[in-house]
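The structure appears right after this line, and notes come after that.
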Amino acid sequence: MVDFLKLFQKVISREVKLVKLNKEVRELCGVDVAYWGETGVAVAVCEGEKRLINTAKGKVTFPYIPGLLFMREAPIMIKALEGISPDLLLVDGHGIAHPRESGIATVLGVLLEVPTVGVAKSKLVGEVVEENGLNYLVLNGKKVGVKSGKYYYSPGNLVTLEDVIELSRQGYPSVLREADRLSKKFREDLKLS
DNA sequence: GCGACAG
DNA sequence: ATCTTGTCGC
């Protein structure tokens with residue numbers, strides 16, 4: 001099964017288009033997931049003309065396996081993103097800074113056909129190499145992302161490394177901060193009800 | 001065999 | 001991710 005999933009990721013990585021995000025980002029969205037045992041709570045926070053918050057709740061049984069995070073969180077994240085098509089989607093996890101260049105941000109970007117960037121709190125693969133004052137994440141001699149502060153940013157789909165660097169300069173995205181805060185808040189609400 | 005290992 | 005106390009520092 002794991003072999004099949006890895007093949008799926010290789011197919012996904014072949015569909016990735018690292019092209020410049022030209023359109024102005026009017027609606028920025030961020031998604032995160034919190035857990036209460038086997039119950040997952042996904043929250044999508046969108047900031048644009050109006051502020052939107054979507055949630056999704058459900059059993060998450062697939063185990064956490066480094067490199068296969070998408071199997072655990074992508075399904076419920078997609079539920080929370082139903083009906084939403086942001087100009088840019090930020091995902092808690094890596095994009096192409098992944099063994100098969102197919103982290104959860106990349107999988108979501110390809111499946112939903114939306115520009116995505118992966119923002120992770122820790123490294124999965126690659127080494128940090130400084131160049132021109134920037135800490136690039138290098139994998140197999142290729143720059144696949146950047147480290148800014150304590151976070152790792154990498155292209156998911158439909159964005160360039162330059163777009164990602166630009167985003168990383170803005171500091172940790174508020175939409176992800178909010179998605180993280182709210183997912184944990186809603187989890188607490190579940191414990192009570 | 002050993003170390004690394006998103007959330 | 002989640003489980004958890006105190007402690008160090010701005």
Side-chain angles (χ1 to χ4, degrees), chain A residues 1-3 5-6 8-10 12-13 16 29-45 55-81 89-111 116-129 135-140 142-157 159 161 164 167-168 171-173 175-192:
Chain A
M1 172 56 102
V2 167
D3 291 327
L5 295 176
K6 290 183 176 179
F8 173 76
Q9 290 183 309
K10 297 189 78 171
I12 289 293
S13 69
V16 173
C29 196
V31 284
D32 194 13
V33 182
Y35 300 86
W36 180 32
E38 293 278 86
T39 301
V41 181
V43 174
V45 174
T55 67
K57 176 172 68 72
K59 291 296 180 185
V60 176
T61 56
F62 199 89
Y64 166 66
I65 300 175
L68 295 179
L69 175 64
F70 83 99
M71 282 299 292
R72 185 173 166 75
E73 305 195 332
I76 195 168
M77 280 183 169
I78 289 176
K79 276 179 62 181
L81 290 166
L89 173 64
L90 307 183
V91 184
D92 196 320
H94 291 288
I96 63 173
H98 176 280
R100 292 166 293 282
E101 309 183 291
S102 187
I104 189 168
T106 294
V107 174
L108 288 179
V110 171
L111 296 183
T116 58
V117 170
V119 182
K121 303 178 188 64
S122 59
K123 187 184 64 175
L124 173 59
V125 290
E127 56 179 354
V128 178
V129 178
N135 291 312
Y136 289 98
L137 230 195
V138 178
L139 180 61
N140 299 319
K142 251 191 62 180
K143 296 188 179 72
V144 294
V146 292
K147 182 178 191 297
S148 180
K150 43 187 292 195
Y151 299 98
Y152 298 80
Y153 303 74
S154 63
N157 188 34
V159 299
L161 182 56
V164 171
L167 177 72
S168 72
Y172 192 70
V175 285
L176 282 179
R177 252 261 168 285
E178 282 301 274
D180 176 69
R181 186 180 68 78
L182 291 174
S183 63
K184 286 172 179 170
K185 176 185 179 300
F186 294 149
R187 173 191 62 191
E188 294 309 310
D189 294 343
L190 273 183
K191 294 182 180 178
L192 302 181

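In the text below, chain A, chain B and the rest are named by the order of the sequence lines, each starting its count at 1.
- A:Met77 has its CE atom 10 Å from the C1' atom of B:dA6, to the nearest Å.
- In this entry the distance linking CD of A:Glu38 with C1' of C:dT2 reads 13 Å, nearest Å.
- The CZ-C1' distance, from A:Arg100 to B:dC5, rounds to 12 Å in whole Å.
- Taking the side chain of A:Lys121 as heavy atoms from C-beta on, and the options B:dA6, C:dT2, B:dG7, the nearest nucleotide is B:dG7.
- Between A:Ser122 and B:dG7 there is a side-chain N or O to OP1 or OP2 distance below 4.0 Å.
- Following rounding to the nearest Å, A:Met71 (CE) and B:dG7 (C1') show an atom-to-atom distance of 15 Å.
- Taking atom CD1 of residue A:Ile65 and atom P of nucleotide B:dA6, one finds them 12 Å apart after rounding to whole Å.
- Residue A:Ile76 is out of contact with every strand shown, counting any heavy-atom pair closer than 4.0 Å.
- In this structure, A:Gly67 reaches the bases: a heavy-atom distance under 4.0 Å links it to at least one base atom across the strands shown.
- Separating the OH atom of A:Tyr152 from the C1' atom of B:dG7 is a distance of 15 Å, rounded to the nearest angstrom.
- The aromatic ring of A:Tyr64 stacks onto the base of B:dG7, its centre lying under 5.5 Å from the centre of the six-membered base ring with the two planes under 30° apart.
- Nucleic acid contact for A:Lys147: none, since no nucleic acid atom lies under 4.0 Å from a heavy atom of the residue.
- Between A:Asp32 and A:Arg181 there is no salt bridge, since none of the side-chain N atoms of the basic residue sits less than 4.0 Å from a carboxylate O of the acidic one.
- In this structure, the CG atom of A:Leu139 is 14 Å from the P atom of B:dA6, given to the nearest Å.
- Put simply, the side chain of A:Ser154 does not reach to within 4.5 Å of the side chain of A:Leu137, judged on heavy atoms.
- No donor-acceptor pair closer than 3.5 Å links the side chain of A:Ser13 to the backbone N or O of A:Ser102.
- When distances run from any side-chain atom of A:Tyr35 to the nucleotides B:dA6, C:dT2, C:dC3, the shortest one goes to C:dT2.
- Not one N or O on the side chain of A:Lys10 forms a donor-acceptor pair closer than 3.5 Å with the backbone of A:Ile12.
- The residue A:Ala34 sits close only to the backbone: its heavy atoms come under 4.0 Å of sugar-phosphate atoms, none of a base.
- Residue A:Lys185 contributes atom NZ, which lies 16 Å from atom P of C:dT2 at whole-angstrom precision.
- You'll find that the side chain of A:Arg187 is closest to C:dT2, out of B:dG7, C:dT2, C:dC3.
- In summary, the side chains of A:Tyr64 and A:Glu73 do not present any donor paired with an acceptor at a separation below 3.5 Å, with no hydrogens or angles considered.
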